[in-house]
Amino acid sequence: EGVADYFYEVRHRDVTQDRENFDAKAGFIGKNYSTFISYRDETFLTILGIRYTDFRGAQNANSPLFIVNENTTIFLAVNYFFFQSAEKAK
């Protein structure tokens, strides 16, 4: 229940007028789909990707902290290699 508690549980001390008590349960959280492309040369590595998460059917969909049924993320990573070995891998 650790992950479910962290994201979806509302303890008595955190209850407000708009947020009722909720005991999160372990179980299905969602499905992730992702893909990326990468390019590398001598000094840079670049990665561009997209991730789609579908939370429909989640165990804790009734939590007051559960807001959306799906989420899309686009990411870009750039890595610069400051140091390199003089000998290349074979």
Q: Using salt bridge (charged side-chain N to carboxylate O under 4.0 Å, His left out) as the criterion, list what pairs up with Asp23, not counting sequence neighbours.
A: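 For Asp23, the residues satisfying salt bridge (charged side-chain N to carboxylate O under 4.0 Å, His left out) (neighbours in sequence not counted) are Lys25.
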
Starting at [atom1] of [X], measure out to [atom2] of [Y] and round the result to the nearest 0.5 Å.
X: Asn69; Y: Arg56; atom1: CG; atom2: CZ; answer: 6.0 Å
X: Leu65; Y: Asn60; atom1: CG; atom2: CG; answer: 10.0 Å
X: Leu45; Y: Ser38; atom1: CG; atom2: OG; answer: 6.0 Å
X: Thr72; Y: Tyr33; atom1: OG1; atom2: OH; answer: 12.5 Å
X: Thr35; Y: Ile50; atom1: OG1; atom2: CD1; answer: 9.0 Å

(Q) Is the distance between the ring centroids of Phe81 and Phe83 under 6.0 Å? (A)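 No - the distance between ring centres of Phe83 and Phe81 does not fall below the 6.0 Å cut-off.
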
Q) Should Tyr80 and Thr43 count as side-chain neighbours, where that means a heavy-atom distance under 4.5 Å? A)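 Side chain of Tyr80 against side chain of Thr43, heavy atoms only: contact under 4.5 Å found.
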
Q) Which is it for Tyr39 and Ile37 under the side chain to side chain contact (heavy atoms under 4.5 Å, CB included) test, yes or no, and what are the steps along the way? A) CA-CA 7 Å; Tyr39 172 76; Ile37 58 172; over 6 Å; no

Q. Which atom pair, heavy atoms only, marks the closest approach of Ala24 to Ala4?
A.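 Heavy-atom minimum between the residues: CB-O, 3.4 Å.
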
Q. Using a distance-only test with no angle check, is there a side-chain donor-acceptor pair under 3.5 angstrom linking Asn32 and Arg51?
A.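 Yes - a donor-acceptor pair under 3.5 Å links their side chains.
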
Q: Would you kindly confirm whether Phe55 and Tyr6 end up in one hydrophobic cluster when ILVMFWY residues are joined by side chain heavy atoms under 4.5 Å apart?
A: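 Same cluster: Phe55 reaches Tyr6 through Ile, Leu, Val, Met, Phe, Trp or Tyr contacts under 4.5 Å.
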
Q) Is it the case that one hydrophobic cluster holds both Tyr52 and Ile29, taking links as side-chain heavy atoms less than 4.5 Å apart, direct or via other members? A)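 Tyr52 does not cluster with Ile29.
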
Q.
If we ignore hydrogens and angles and just use 3.5 Å, is the side chain of Glu70 paired with the main-chain N or O of Thr53 as donor and acceptor?
A.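 Pair absent, no side-chain N/O of Glu70 close to backbone of Thr53.
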
Q) Is there a donor-acceptor contact under 3.5 Å from the side chain of Asp41 to the main chain of Phe44? A)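 Yes; judged by distance alone, with no hydrogens or angles, the pair exists.
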
Q: Let me see the working for Phe22 and Asn62 under side chain to side chain contact (heavy atoms under 4.5 Å, CB included), right down to the final yes or no.
A: CA-CA 8 Å; Phe22 185 80; Asn62 294 328; 4.1 Å; yes

Q) Is a salt bridge present between Glu42 and Lys88, judged by a nitrogen-to-oxygen distance below 4.0 Å? A)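 Between Lys88 and Glu42 there is a salt bridge, with a charged N closer than 4.0 Å to a carboxylate O.
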
Q.
Taking atom CD as the centre, does Glu20 end up with more than 12 heavy-atom neighbours from other residues, nucleotides or ligands that are less than 6.0 angstrom away?
A.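 No.
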
Q) Heavy-atom count around Phe36 CZ within 6.0 Å, excluding the residue itself: above 12? A)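 Counting other residues, nucleotides and ligands, CZ of Phe36 stays at 12 neighbours or fewer.
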
(Q) Does the plane of the ring in Phe66 sit parallel, tilted or perpendicular to the ring in Tyr8? Use 30° and 60° as the thresholds. (A)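 Phe66 and Tyr8: tilted rings.
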
Q: For the pair Ile47 and Leu76, evaluate side chain to side chain contact (heavy atoms under 4.5 Å, CB included) and give the outcome as yes or no after the intermediate values.
A: CA-CA 6 Å; Ile47 302 170; Leu76 172 68; over 6 Å; no

Q: Evaluate the criterion side chain to side chain contact (heavy atoms under 4.5 Å, CB included) for residue pair Glu9 and Asp14; output intermediate values, then yes/no.
A: CA-CA 10 Å; Glu9 185 150 316; Asp14 298 319; over 6 Å; no

